[in-house]
There are 2 protein chains.
Amino acid sequence: MGERAERRRRTEARILDAARALFGEVGYERATIRGVAKAAEVDPALVMQYFGSKQELFRHAVRVVPMAEGEPDPQELVERLLGTLDVKMELPQSSLAMLRSMLTHPEAAASAREVLGQQIDRLAGSITGDDARLRAALMTMVLLGVTVGHQLLELDELRGVPQDEVARLLRPALRALTGPDVS
Amino acid sequence: MGERAERRRRTEARILDAARALFGEVGYERATIRGVAKAAEVDPALVMQYFGSKQELFRHAVRVVPMAEGEPDPQELVERLLGTLDVKMELPQSSLAMLRSMLTHPEAAASAREVLGQQIDRLAGSITGDDARLRAALMTMVLLGVTVGHQLLELDELRGVPQDEVARLLRPALRALTGPDVS
DNA sequence: GTCTATAAAGGGATAGAC
DNA sequence: GTCTATCCCTTTATAGAC
């Protein structure tokens with residue numbers, strides 16, 4: 001590609017980074033095009049030029065990273081979940097932006113439901129029993145709650161706690177949710 | 001009091017109910033004075049007249065109900081927590097309004113931190129060990145996560161599930177978080 | 001006391017100059 | 001291609017008529 005296109009790509013990336021950061025900090029409604037532009041050090045009109053609308057900017061900013069595939073056994077599953085917690089301590093800004101807005105912005109809510117639903121599906125496939133989906137949903141909500149408290153509400157009690165400490169305490173609770181079949 | 005004051009009190013209550021419902025549905029930023037007024041079937045200016053500002057209206061709408069006092073043992077504690085889940089299935093609209101806005105509205109976030117902090121304090125007092133506060137925080141986050149998924153995101157997997165079913169599955173997980181000392 | 005009219009501010013979106 | 005200037009709508013908030 002030409003240096004022109006290259007420069008454009010870099011500018012676009014800088015705008016998206018700024019958008020992710022701002023959406024993640026204050027949520028969809030309080031984030032403004034002007035604010036994103038200022039953070040990215042570009043003209044506000046340029047943001048519109050590139051993305052067409054605030055909605056579209058948000059859509060591009062919150063590209064979600066899907067979880068790893070596969071159907072491990074329940075034990076391994078718990079470890080994998082706790083692993084995502086690890087990730088969530090340095091949660092991708094794109095996911096943070098979505099989480100921040102999921103309770104107030106309809107599209108973010110839809111996106112959250114989709115992602116969480118996928119995770120629930122994957123979890124349910126690894127659990128036996130009639131209430132597998134319910135258990136899977138509760139496990140997902142446990143992780144969501146901890147993430148919200150830590151990343152978004154920034155509760156004092158969770159600030160600066162090493163990830164493996166949280167994982168250690170959470171492990172028995174998640175195992176309890178996988179069901180009675182401790183093979 | 002006179003019938004004049006009585007009428008005013010009723011109108012004010014109707015406005016507050018409408019405000020709670022709207023704040024709870026769409027959050028602080030998307031809720032408007034006009035919307036509240038329309039739902040309460042009053043003039044928008046009247047809402048301003050009564051409460052002065054949107055901020056103040058919100059403040060009055062989200063009066064939080066404190067949790068029951070006392071320091072029960074861990075076992076009873078879990079049951080009491082699960083009991084609040086019961087309440088949360090028909091969560092007070094004032095709390096719902098706060099929860100809905102806690103990720104995007106600074107004042108709602110502060111209010112949430114305060115309420116959650118109080119609950120964590122109370123829980124921590126009933127748990128032994130160095131990491132009592134951390135465990136208490138995680139227990140609180142578990143309940144928060146489930147509530148968010150059920151009440152705010154309205155996940156299919158949690159819709160229509162009887163409360164005691166959720167309680168049954170959550171009980172072992174919460175007990176695991178109270179600590180190793182199963183007296 | 002209640003409502004009409006309007007001011008004031010903010011932000012999304014657009015047209016056109018350079 | 002990038003930025004200036006502006007439009008236009010929405011919403012909070014206020015002033016004053018009835």
Side-chain angles (χ1 to χ4, degrees), chain A residues 1-62 97 100-101 104-108, chain B residues 1-62 97 100-101 104-108:
Chain A
M1 63 179 79
E3 64 184 43
R4 210 61 62 79
E6 173 63 15
R7 178 171 173 76
R8 144 115 196 192
R9 201 191 54 77
R10 282 174 175 273
T11 304
E12 196 172 300
R14 212 169 63 247
I15 292 173
L16 280 177
D17 280 344
R20 273 187 273 269
L22 195 54
F23 282 132
E25 271 174 41
V26 301
Y28 183 84
E29 354 281 339
R30 299 177 97 91
T32 65
I33 298 282
R34 288 168 165 83
V36 170
K38 174 170 248 182
E41 294 178 318
V42 297
D43 192 274
L46 198 64
V47 178
M48 294 300 298
Q49 178 77 3
Y50 282 4
F51 298 96
S53 72
K54 182 181 178 180
Q55 187 57 246
E56 206 57 36
L57 173 63
F58 182 77
R59 214 168 283 156
H60 279 82
V62 299
R100 174 73 73 186
S101 305
T104 45
H105 186 50
E107 183 158 324
Chain B
M1 65 180 80
E3 64 184 42
R4 209 63 61 79
E6 172 64 15
R7 178 172 174 74
R8 145 115 195 195
R9 203 191 53 78
R10 282 174 176 271
T11 304
E12 197 173 300
R14 212 169 63 248
I15 291 173
L16 280 176
D17 281 344
R20 273 187 273 268
L22 195 54
F23 282 132
E25 272 175 41
V26 302
Y28 183 84
E29 354 281 337
R30 301 177 95 90
T32 66
I33 299 282
R34 286 167 163 79
V36 171
K38 174 169 250 182
E41 295 178 317
V42 298
D43 192 274
L46 197 65
V47 178
M48 294 299 298
Q49 177 78 2
Y50 281 5
F51 298 95
S53 71
K54 181 181 178 180
Q55 187 56 245
E56 206 57 36
L57 173 62
F58 183 77
R59 214 167 283 156
H60 279 82
V62 299
R100 174 73 72 185
S101 305
T104 46
H105 185 50
E107 182 157 324

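First the proteins, then the strands, lettered A, B, ... as listed; each starts at 1.
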**Message:** Taking the ring of A/His105 and the ring of A/Phe58, is the distance between their centroids below 6.0 Å?
**Reply:** yes
**Heavy-atom donor-acceptor pair, A/Arg20 side chain to A/Ala61 backbone, under 3.5 Å** = yes
Return yes if a side-chain donor-acceptor contact under 3.5 Å exists between B/Glu29 and A/Thr104, otherwise no. no
Residues at least two apart in sequence or cross-chain that pass salt bridge (Lys or Arg N to Asp or Glu O under 4.0 Å) with B/Asp43, listed by chain then number, are none
- Query: If you measure from the Lys or Arg side-chain nitrogens to the Asp or Glu carboxylate oxygens, is any gap between B/Glu6 and B/Arg9 under 4.0 Å?
  - Reply: yes
note: A/Arg10, atom CZ; D/dG1, atom P; distance rounded to Å ~ 18 Å
Taking A/Ser101 for the side chain and A/Ala108 for the main chain, is one N or O donor matched with an acceptor at less than 3.5 Å?
no
To the nearest angstrom, the CG-C1' distance between A/Asp43 and D/dA5 comes to 11 Å
NA contact type, A/Phe51, heavy-atom cut-off 4.0 Å: base, sugar-phosphate, or nothing?
-> nothing
Is the phosphate of D/dT2 approached by A/Tyr50 (side-chain N or O, under 4.0 Å from OP1 or OP2)?
yes
Review item, nucleotides 12-18 of chain C N/O atoms under 3.5 Å of protein N/O:
{"residue": "C/dG12", "atom": "OP1", "partner": "A/Lys54", "partner atom": "NZ", "Å": "3.2"}
{"residue": "C/dG12", "atom": "OP2", "partner": "A/Ile33", "partner atom": "N", "Å": "3.0"}
{"residue": "C/dG12", "atom": "N7", "partner": "A/Arg34", "partner atom": "NH1", "Å": "2.9"}
{"residue": "C/dG12", "atom": "O6", "partner": "A/Arg34", "partner atom": "NH2", "Å": "3.3"}
{"residue": "C/dA13", "atom": "OP2", "partner": "A/Lys54", "partner atom": "N", "Å": "3.1"}

Terminal axes of the helix from C/dG1-D/dC18 to C/dC18-D/dG1 (5 end pairs apiece), angle rounded to 10 degrees, sit apart by 10°
For A/Arg59 and A/Phe51: C-alpha separation, side-chain torsions, deciding distance, then whether side chain to side chain contact (heavy atoms under 4.5 Å, CB included) applies.
CA-CA 10 Å; A/Arg59 214 168 283 156; A/Phe51 298 96; over 6 Å; no
B/Leu22 atom CG is separated from D/dT11 atom C1', nearest whole Å, by 14 Å
Whole-Å distance, A/Leu46 CG to D/dT4 C1', equals 13 Å
Of all heavy-atom pairs linking A/Ala40 and A/Ile15, the shortest is CB-CA, 3.9 Å
